[in-house]
Amino acid sequence: MTTEEEPSGRPDGRVRWKQTVLPIGLGGIAMLIGVFLLLVPVRSADAAARAFAAAQPCAPGLTPRQQAQCLSSVPATVERVRTTGRRAQVTHIDAARGDGTKQHLDMQWTGIEQLVAQGEQVRLVSWRGEVRSIAHGARFSRSTFTDRNPYTAYAVPFAWGAGLLLGGPVMVWIGCWQRWLSGRYRRAAPWQFMVPAVAGALVAVHVPVTAVALNLRIEEALRWSGIGAALIVLVAGAVSLYKALRGEPDTIEVAPRRDDKQRVFGALLLGDRSGPGGTHAHSRLVVGPGVLAFTDDPAGAFRRKPLPAALVLERVRPLFASDPDQTAASELGIGCLVAQCRDGERELLIAVRRKDMPWLVGALAPAEPVDAV
């Protein structure tokens, strides 16, 4: 395994402090909010779901307060059904109760075809003063939940709580990396940083999406979320092991590509601050037959500045933490590459996205300097 040398050119103390305090502080706040949501609204929703599961049909002679805790049902007639999608998923139902009152019901999206026909006789099942489901079909044997389904009321606070609780450590990891660990590695974004960060972000997204998108009960949501999270962690572990055994060479082989077309793509000349107010003078490269020039024109047609005719490509490598403007270069995309070139005694570092590097290599063949425009 290749060990990265000590880099130079790290951000100064003020910049590093900002990069540290902001993610760690936000991550800590996110985790605290996540814990609150899971311990208060989610636990309350889970308790309500258990109470609903244990509720019995209301018996005659109960007080209104007692009736709120049991399952009451009243006959109704479906007056209007609103559906969406090819499978005619019911989204809204307008029903008329036996006493003549009207009831508008928003139905829960289940992903399963649950048809209720206009004019059909149904029973509206209520609990704690709200219609929770509609019993329909032969002998009212089928039940379709409204959007007041107690079994899935936990989903939204759970999604926010789990997302914040699991996403918080990712932000803390980013801050800790910037403050205490990044100095040990030469690359700006080595796998030791990226694999845990990406895996943590995937887990933080997977868990809440599983609960909300699938309309599962909390027990099932936790089961499937745990299985998915475990798979993500296993894949991350396998990737880490592969990277550790394979090592990360500083020189990356890139097959050159050439054709008769002209291409314009994002690029950054590292260390160049010749633009107005000390900004970057160029943001794109124009590459094509006989053309290799920097520009800030999105179309690449104007304001071209040709690269030196004697420019020679020495190697393609990852972005190093010691490279000037490495933070700006990383905005080109995750895993952007650097073409390390030389014009006589002067070194030029050109950062481009990984997918664009073959075209730049094709224009910067070491043995064939590109003619200036």
Side-chain angles (χ1 to χ4, degrees), residues 1-39 42 158-211 222 225-248 318-323 325-337 351 354:
M1 176 179 174
T2 303
T3 302
E4 277 86 342
E5 296 89 17
E6 293 184 7
S8 60
R10 291 283 177 180
D12 60 34
R14 288 176 299 176
V15 174
R16 178 176 288 187
W17 183 249
K18 182 183 295 186
Q19 292 174 344
T20 301
V21 171
L22 184 60
I24 292 179
L26 291 178
I29 293 172
M31 287 189 286
L32 290 175
I33 296 174
V35 169
F36 170 79
L37 291 174
L38 294 177
L39 291 181
V42 174
F158 176 83
W160 279 102
L164 291 172
L165 182 61
L166 295 171
V170 177
M171 303 177 70
V172 172
W173 167 247
I174 293 173
C176 291
W177 174 272
Q178 292 286 351
R179 181 64 181 90
W180 292 290
L181 300 174
S182 60
R184 302 179 183 180
Y185 300 91
R186 187 173 186 181
R187 294 192 177 201
W191 67 264
Q192 291 91 341
F193 166 70
M194 292 301 299
V195 172
V198 172
L202 289 176
V203 171
V205 171
H206 160 73
V207 172
V209 167
T210 299
L222 291 174
S225 297
I227 292 173
L231 290 175
I232 293 172
V233 172
L234 286 175
V235 171
V239 171
S240 298
L241 180 61
Y242 171 78
K243 291 285 190 180
L245 295 176
R246 180 176 176 268
E248 288 188 307
L319 182 67
F320 289 164
S322 57
D323 287 335
D325 301 320
Q326 62 93 5
T327 301
S330 63
E331 295 177 1
L332 291 171
I334 297 177
C336 71
L337 300 179
R354 185 178 294 269

Solution key, residues 28-37 side-chain donor-acceptor pairs under 3.5 Å, sequence neighbours excluded:
none

Practice task
Evaluate ring pair (Phe, Tyr, Trp, His ring centres under 6.0 Å) for Y185 paired with W177, printing each intermediate quantity in order.
Solution key: CA-CA 11 Å; Y185 300 91; W177 174 272; 5.2 Å; yes
Going by side-chain contact (heavy atoms from CB on, under 4.5 Å), name the residues that satisfy it together with [X], two or more places apart in sequence or in a different chain.
X: A211; answer: Y154, F158, A221
X: L166; answer: V203, A204, V207
X: L231; answer: I227
X: P196; answer: W173

Identify the heavy atoms of [X] and [Y] that sit nearest to each other, and give their distance.
X: V170; Y: A201; value: CG2-N, 3.7 Å
X: D323; Y: L319; value: OD2-CD1, 3.6 Å
X: C336; Y: L332; value: CB-CB, 4.4 Å
X: A351; Y: A329; value: CB-CB, 4.0 Å
X: M171; Y: G27; value: CB-CA, 3.9 Å

Exercise for the section: Rounded to the nearest 0.5 Å, what's the gap from CD on Q178 to CZ on F193? Could you check? Expected result: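 Atom-to-atom, Q178:CD and F193:CZ are 6.5 Å apart.
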Exercise for the section: Kindly compute the distance separating CZ (R187) from CE (M194), expressed to the nearest 0.5 Å. Expected result: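 That separation rounds to 12.0 Å.
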Exercise for the section: Determine whether C176 and I24 make a side-chain contact, defined as any pair of heavy atoms from C-beta on separated by less than 4.5 Å. Expected result: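 Contact flag for C176/I24 side chains = yes.
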